[in-house]
Protein chains: 2
Amino acid sequence: MSTRKFCLAILSSADATGYEIRKTAQMGHFSHFIEASYGSIYPSLAKMEQEGLVTWREETSSGKPSRKIYSITQVGREAFVKELSETALDDLFRSPFLLLALYCRWVGSEFLSNEIDRRVAHLELKISGMKHQLELSSDPAASWTLEYGISTLSASLEYLKTNRSKLEQIADERVPQTQAAE
Amino acid sequence: MSTRKFCLAILSSADATGYEIRKTAQMGHFSHFIEASYGSIYPSLAKMEQEGLVTWREETSSGKPSRKIYSITQVGREAFVKELSETALDDLFRSPFLLLALYCRWVGSEFLSNEIDRRVAHLELKISGMKHQLELSSDPAASWTLEYGISTLSASLEYLKTNRSKLEQIADERVPQTQAAE
DNA sequence: GCTCACATGTAATAAGTTACATGATTTC
DNA sequence: GAAATCATGTAACTTATTACATGTGAGC
């Protein structure tokens, strides 16, 4: 249901093709808290067309592959607002990294350090990307959401940088796998 | 694969029943970044038993319903460590709330305010629950992870409290649904 | 000539959710 | 006597992931 909602969200601002919707999911200011791939977007759009939430027109420029440009209908807008207000609003957060942190003794500190390095780099990249988007943003709501993301990711990064050594020390007392069997 | 990994994680520390594993998922120090329901735990355990990652014994006390107590095998331990180190470590974060924030003009500021109130209360409850767990925690790695969670959730809460009025102002300029159709 | 970006889609599979089905024991 | 907790599981359904399949045009 989330891909659906996301497609309607995009289309509520402007017409778009499936390809463009996916690009927005990957690079837009949504990318922090939404994910959608072709395999979920195209079927979603097809289904919503059947239900009358969206329509499409074909655009054929000479040579270029033809595009299906989707538009949201009034019914679609109503469905979007309804979903916005009726869907559960709790965040979904899953972190394989925190599970690794919790069991870091099993993998040892070298491996852990490496993963932390990667995570730090990843977070820094993400934050700087969002800051860049913030500069370009003209929509105040988008700016607000971006800042929300930036401040939580920054807190996460900060904690990680400040406290990594503590965890690395814990991981130093590695549990050998042979001992593990008792 | 994540329910699987989570079950192995629990069992790597102590034997447990499916029921207990689910309780841990709901209330333990995992609850912040993991979710698992009966519908995913029981099938997972059954499958892992077939693959030799876990075994179980039955415990029948007079009267009480019989319990299937699962134990991890050496093969299971190895599989766990392997999954810990080989699985993707990126967080999964989905936020229907941030989508609502982004389109708050469509729902208006009254509705938004209400949702923010609920979210603030929810975050405060979650944070205080985690602080309580932190006090009880004797495992340094669990404490580290809990503090990680507390600091990011606190940043999130802080941002929300400080900047909610900004968003509420944006939502004040509500887009009427009739106008929406253009 | 190669690779990247544009462009649409399907099929097989994986994974998890929700509700259902059942039943005992304990606590208020 | 009712409700909560303990306890196991299944079945139908929803949803998304991954890989496959296909093809054009532009720039290097």
Side-chain angles (χ1 to χ4, degrees), chain A residues 1-8 10-11 15-28 30-31 33-51 54-70 83 87-88 90 92-94 96 99, chain B residues 1-8 10 15-28 30-31 33-51 54-70 83 87-88 90 92-94 96:
Chain A
M1 198 104 306
S2 123
T3 300
R4 232 177 126 83
K5 204 159 121 184
F6 170 63
C7 290
L8 289 176
I10 300 285
L11 294 176
D15 292 354
T17 65
Y19 187 83
E20 286 166 346
I21 290 174
R22 187 268 194 154
K23 216 174 60 182
T24 312
Q26 273 203 322
M27 320 210 287
F30 301 87
S31 55
F33 59 90
I34 272 181
E35 260 177 59
S37 59
Y38 293 137
S40 62
I41 290 170
Y42 285 116
S44 237
L45 287 172
K47 208 179 167 194
M48 290 198 288
E49 196 252 319
Q50 285 183 346
E51 294 168 22
V54 299
T55 52
W56 56 271
R57 60 181 188 282
E58 197 154 18
E59 192 195 66
T60 25
S61 315
S62 57
K64 281 178 194 165
S66 64
R67 296 146 48 89
K68 274 171 106 168
I69 303 173
Y70 283 88
E83 282 205 20
T87 318
D90 288 330
L92 176 69
F93 178 62
R94 303 277 168 92
L99 193 67
Chain B
M1 199 104 305
S2 123
T3 300
R4 234 177 124 85
K5 205 160 120 183
F6 170 64
C7 291
L8 289 176
I10 300 285
D15 291 355
T17 64
Y19 187 83
E20 287 166 345
I21 290 174
R22 187 268 195 155
K23 218 174 59 182
T24 313
Q26 272 202 321
M27 321 211 287
F30 301 87
S31 55
F33 58 91
I34 272 181
E35 261 176 58
S37 57
Y38 293 139
S40 62
I41 290 169
Y42 285 117
S44 237
L45 287 171
K47 207 179 168 196
M48 289 198 289
E49 196 252 319
Q50 286 184 345
E51 294 168 22
V54 299
T55 52
W56 57 271
R57 60 180 188 280
E58 197 155 17
E59 191 196 66
T60 23
S61 315
S62 58
K64 281 178 195 166
S66 64
R67 297 146 46 89
K68 275 171 104 168
I69 303 172
Y70 284 87
E83 282 204 22
T87 318
D90 288 329
L92 176 68
F93 178 62
R94 302 275 168 93

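For the numbers below, each heavy atom of this structure counts, side chains included, while hydrogens, waters and symmetry mates do not. Note that the structure is a prediction, hence the values are computed from the model and not measured. Letters A, B, ... mirror the listed sequences (proteins, then strands); counts begin at 1.
Between A:E35 atom CD and D:dT15 atom C1' there is a gap of 14 Å when expressed in whole angstrom units. Going from atom CD of B:E59 over to atom P of C:dA24 covers 18 Å, rounded to whole Å. Atom-to-atom, CZ of A:R67 to C1' of C:dG9 comes out at 16 Å; the value is rounded to the nearest Å. Taking atom CD of A:E83 as the reference point, atom C1' of D:dT15 lies 14 Å away to the nearest angstrom. Counting to the nearest Å, the C1' atom of D:dT15 and the CG atom of B:L92 are 13 Å from each other. In this structure, A:Y38 atom OH and D:dT22 atom P are separated by 18 Å, rounded to whole Å.
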Derivation and outcome, salt bridge (Lys or Arg N to Asp or Glu O under 4.0 Å), residues B:R4 and B:E51: CA-CA 12 Å; B:R4 234 177 124 85; B:E51 294 168 22; 2.7 Å; yes
CA sep, side-chain torsions, deciding dist, call: B:L45, B:K68, side-chain contact (heavy atoms from CB on, under 4.5 Å): CA-CA 10 Å; B:L45 287 171; B:K68 275 171 104 168; over 6 Å; no
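The line from CD1 of B:I10 to OG1 of B:T24 is 4.5 Å long, rounded to the nearest 0.5 Å. Of the inter-residue distances, the one linking A:L99 atom CG with B:F6 atom CZ reads 8.5 Å to the nearest 0.5 angstrom.
Direction change of the helix axis from one end of the helix from C:dG1-D:dC28 to C:dC28-D:dG1 to the other is 40°, with five pairs defining each end axis (rounded to 10°).
Across every non-hydrogen atom of A:D15 and A:E20, the tightest pair is O-OE1, 4.4 Å. In terms of heavy atoms, A:Y42 sits closest to A:Y19 at OH-N, 3.5 Å. Nearest heavy-atom pair, A:S31 versus A:G28, reported as atom, atom and distance to 0.1 Å: OG-O, 2.8 Å.
Shown for residues 39-49 of chain B: residues whose heavy atoms fall under 4.0 angstrom of DNA chain D, namely B:G39, B:Y42. Contacts between residues 15-26 of chain B and DNA chain D, defined by a heavy-atom separation under 4.0 Å, are made by B:T17, B:G18, B:Y19, B:K23.
Residues forming a ring pair (Phe, Tyr, Trp, His ring centres under 6.0 Å) with A:F33 (at least two apart in sequence, or on another chain): none. Residues meeting the side chain to side chain donor-acceptor pair (under 3.5 Å) test with A:E58, sequence neighbours left out: A:S66. The side chain to side chain contact (heavy atoms under 4.5 Å, CB included) test applied to B:T3 returns B:C7, B:A36, B:S40, B:I41, B:S44, not counting sequence neighbours.
Set against C:dG16, D:dA16, D:dT17, the side chain of A:S2 has D:dA16 as its closest nucleotide. When the nucleotides C:dG16, D:dG9, D:dT17 are ranked by their closest atom to the side chain of B:Y70, D:dG9 comes out on top.
Of the side-chain N and O atoms in B:T3, one or more sit less than 4.0 angstrom from OP1 or OP2 of C:dG16.
Between B:W56 and B:Y70, the angle of the ring planes lies from 30° to 60°, which puts this pair in the tilted group.
Nucleic acid contact for A:R4: none, since no nucleic acid atom lies under 4.0 Å from a heavy atom of the residue.
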